Amino acid sequence: MESQDLRIFKAVAELQSISKAADRLDYVQSNISQRIKNLEDELGVPLFSRNNRGVTLTGEGSRLLDYTDQILGLMEEARSSVNPAKWKTTLAIGAPQTLSAVRIPRLLSSFLQDNRIDIRLKTDRAERLQEMLQYGEVEGIFVNGTFNNVLFTPVYAYDERVVVISPKPGEHSKELPGHQLIINSDPNCVYRRKLLDVYMGKKESINRTVMEFDSLEAILQAVKDGLGISVIPADVAYSRKELQSVQMEELPDPVRVSFIVKQGRKQSRPLKQFIRFLADNGLQPVDSQLAP
């Protein structure tokens, strides 16, 4: 079993596809398939279940993936320890787009002042981020909604203020009656649920329609253009000069944001450093027994 075999195995596990792994690693597909077969023959167990949509890990494959993450992480740490001038360790974390707009970059900027680590920040929908965490593509993710508390455990959290933003009266001559609800297309988006919870139960919402957008920037532009109202993090609302032309109303109940990791997975040195940093910067430690 060679380190490159493990890197190939990890790529297939993350992407759940041999062809996509071949594209990522710049290998021919037949080479990837043969390396996986050799690994399965060496271990004497199937590592993947094949189906029409791709591949999924078997139980044995999931156990190997945990060891793979540890082995490759230790190799990276060893290089960094022996020659820190040439090699830096890497920490891959994930966050929803709304958090990545303001709060997370501030945290990372402060963290990197005292830590020689390469950071890879991946943004995606909540469901996809949890999938990345499960398969080891990232070591931890920030979530602002529910998560699978069987697979993942929260380590630190903070409460995030949220605001309703809406066009100012008279700003748009062709203002839509009642204003539409401008929401993220991700059904698991906590701000989407917050807006729907606040407004859809009201009597005056009978004539309201819903518009879905894929990005935070599109949502902000839609509100600025008078299309409707939305809910966004207060950090975003108060930091954008272009939003001075809209109305803002802070909601009384904040949103809980948690930093979660995979249960039972050995934490790398960069991840431990980041978790210590979160503690030193006022984030609240989380009792996993209280996780949603």
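Predicted, not measured: the structure shown is a model, and the values here were computed from it. Reckoned from all heavy atoms, side chains included, excluding hydrogens, waters and symmetry mates.
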- Do K224 and V246 have side-chain heavy atoms sitting under 4.5 Å apart? yes
- Spell out, as yes or no, whether a donor-acceptor pair under 3.5 Å connects the side chain of S239 to the backbone of V236. yes
- Query: Judged by modelled atom types alone, do E160 and Y191 share a side-chain donor-acceptor pair under 3.5 Å?
  - Reply: yes
- Item | Trace of the side-chain hydrogen bond (donor to acceptor under 3.5 Å, both in side chains) decision for R106 with S110 | CA-CA 6 Å; R106 287 176 181 169; S110 179; over 6 Å; no
- Message: Rounded to the nearest 0.5 Å, what separates atom CG in L64 from atom CG in L39?
- Response: 6.0 Å
- Check: E139 and V261 side chains under 4.5 Å, non-hydrogen atoms: no
- Query: Does one side chain, of Q180 or T209, offer a donor that lies under 3.5 Å from an acceptor on the other?
  - Reply: yes
- Message: Donor-acceptor check, side chain of K194 to backbone of V163, threshold 3.5 angstrom: yes or no?
- Response: no
- Taking atom CD of Q263 as the centre, report whether more than 12 heavy atoms of other residues, nucleotides or ligands fall under 6.0 Å from it. yes
- Item | R269 and T89: CA distance, side-chain angles, deciding distance, side-chain contact (heavy atoms from CB on, under 4.5 Å) verdict | CA-CA 9 Å; R269 182 168 59 84; T89 54; 3.5 Å; yes
- If every non-hydrogen atom of A21 is compared with every non-hydrogen atom of V12, which pair is closest and at what distance? CB-CG2, 3.6 Å
- Heavy-atom closest pair (E14 atom, E137 atom, distance to 0.1 Å) is OE2-CA, 3.3 Å
- Are V143 and L99 side-chain neighbours, meaning at least one heavy-atom pair lies under 4.5 Å? no
- Task: Mind checking the CG-CD1 spacing from L271 to I117? Nearest 0.5 Å is all I need.
- Result: 9.5 Å
- Task: Kindly determine whether N38 and E42 satisfy side-chain hydrogen bond (donor to acceptor under 3.5 Å, both in side chains), including the steps that lead there.
- Result: CA-CA 6 Å; N38 292 345; E42 178 181 348; over 6 Å; no
- So which heavy atom on P154 is nearest to which on I260, and how close? CA-CG2, 3.7 Å
- Flag side-chain contact, heavy atom, 4.5 Å: F277 against L107: yes
- Query: Does the ring centre of F147 sit less than 6.0 Å away from the ring centre of F152?
  - Reply: no
- Task: Could you check I275 against Q267 for side-chain contact (heavy atoms from CB on, under 4.5 Å), going step by step and ending with a plain yes or no?
- Result: CA-CA 10 Å; I275 290 174; Q267 295 178 357; 3.7 Å; yes
- Evaluate the criterion side-chain contact (heavy atoms from CB on, under 4.5 Å) for residue pair I104 and L108; output intermediate values, then yes/no. CA-CA 6 Å; I104 304 304; L108 295 180; 4.0 Å; yes
- Query: Step by step, would you call D280 with R276 a salt bridge (Lys or Arg N to Asp or Glu O under 4.0 Å)?
  - Reply: CA-CA 6 Å; D280 293 341; R276 283 197 299 269; over 6 Å; no
- Query: Under the side-chain hydrogen bond (donor to acceptor under 3.5 Å, both in side chains) criterion, do E250 and Y238 qualify, and how do the steps go?
  - Reply: CA-CA 11 Å; E250 193 162 322; Y238 299 147; 2.9 Å; yes
- Message: Tell me if a side-chain donor or acceptor on R265 pairs with a main-chain N or O of Q134 at a distance below 3.5 Å.
- Response: yes
- Task: For G136 and D69, work out which heavy atoms get closest and say how close.
- Result: CA-OD2, 3.7 Å
- Do the non-hydrogen side-chain atoms of I183 and M211 ever get within less than 4.5 Å of each other? no
- Item | Check: D66 side chain, R63 main-chain N or O, donor-acceptor pair, under 3.5 Å | no
- Starting from the C-alpha separation in whole Å, work towards a yes-or-no answer on salt bridge (Lys or Arg N to Asp or Glu O under 4.0 Å) for R125 and D214. CA-CA 10 Å; R125 296 185 172 203; D214 287 334; 3.8 Å; yes
- Message: Donor-acceptor check, side chain of S49 to backbone of T58, threshold 3.5 angstrom: yes or no?
- Response: no
- From L133 atom CG to K262 atom NZ, the distance as rounded to the nearest 0.5 Å: 8.0 Å
- Kindly indicate, with the supporting measurements, whether the criterion side-chain contact (heavy atoms from CB on, under 4.5 Å) is fulfilled by E249 and S166. CA-CA 9 Å; E249 177 187 353; S166 59; over 6 Å; no
- Query: Looking at CG of L25 and CG of L15, how far apart are the two atoms once the value is rounded to the nearest 0.5 Å?
  - Reply: 8.0 Å
- Nearest heavy-atom contact between F213 and A218 is CD2-CB, 3.7 Å
- Decide whether L181 and V255 are clustered together by the hydrophobic rule: side chain heavy atoms of Ile, Leu, Val, Met, Phe, Trp, Tyr closer than 4.5 Å, transitively. yes
- Query: Can you tell me if E40 uses its side chain to pair, donor with acceptor, with the backbone of L47 under 3.5 Å?
  - Reply: yes
- Using 30° and 60° as the class limits, which term best fits the ring planes of F9 and F48: parallel, tilted or perpendicular? tilted
- Message: Could you check whether any side-chain N or O of S109 sits under 3.5 Å from a backbone N or O of P105, counting only pairs where one atom can act as donor and the other as acceptor?
- Response: no
- Do L65 and L6 share a hydrophobic cluster, counting only Ile, Leu, Val, Met, Phe, Trp and Tyr and linking them when any side-chain heavy atoms are less than 4.5 Å apart? yes
- Task: Mind checking the CG-CD1 spacing from L243 to I232? Nearest 0.5 Å is all I need.
- Result: 5.5 Å
- Item | Closest contact, heavy atoms only, D186 versus R192 | O-CD, 3.3 Å
- Message: Is there a side-chain contact between M75 and I71 in this structure, where contact means two heavy atoms from C-beta onward sitting under 4.5 Å apart?
- Response: yes
- Message: Please determine whether a side-chain nitrogen of the Lys or Arg among D253 and R161 lies less than 4.0 Å from a carboxylate oxygen of the Asp or Glu.
- Response: no
- Message: Around atom NZ of K20, are there more than 12 heavy atoms from other residues, nucleotides or ligands closer than 6.0 Å?
- Response: no
- Quick one: does R193's side chain have a donor or acceptor within less than 3.5 Å of a partner on N188's backbone? yes
- Do you reckon I93 sits in the same ILVMFWY cluster as L112, going by side-chain contacts under 4.5 Å, direct or chained? yes
- Item | Distance (rounded to the nearest 0.5 Å) between N144 CG and C189 SG | 6.5 Å
- So, Y27 and Q34: side-chain donor and acceptor under 3.5 Å apart, yes or no? no
- Within a strict 4.5 Å, meaning less than it, do heavy atoms of the L121 and V138 side chains meet? no
- Query: Can you check whether F142 and F259 have ring centres sitting under 6.0 Å from each other?
  - Reply: yes
- Query: Does the pair Q221 and D225 meet the rule for a side-chain hydrogen bond (donor to acceptor under 3.5 Å, both in side chains), with working shown?
  - Reply: CA-CA 6 Å; Q221 189 63 48; D225 290 344; 3.0 Å; yes
- Query: With side chains defined as the heavy atoms from C-beta onward, is the minimum distance between M132 and I141 less than 4.5 Å?
  - Reply: no
- Would you kindly confirm whether L74 and L91 end up in one hydrophobic cluster when ILVMFWY residues are joined by side chain heavy atoms under 4.5 Å apart? no
- Query: Quick one: does S17's side chain have a donor or acceptor within less than 3.5 Å of a partner on G54's backbone?
  - Reply: no
- Query: Distance-only, no hydrogens or angles: does the Q97 side chain make a donor-acceptor pair with backbone N or O of T123 under 3.5 Å?
  - Reply: no
- Does R50 CZ have over 12 foreign heavy atoms under 6.0 Å away? yes
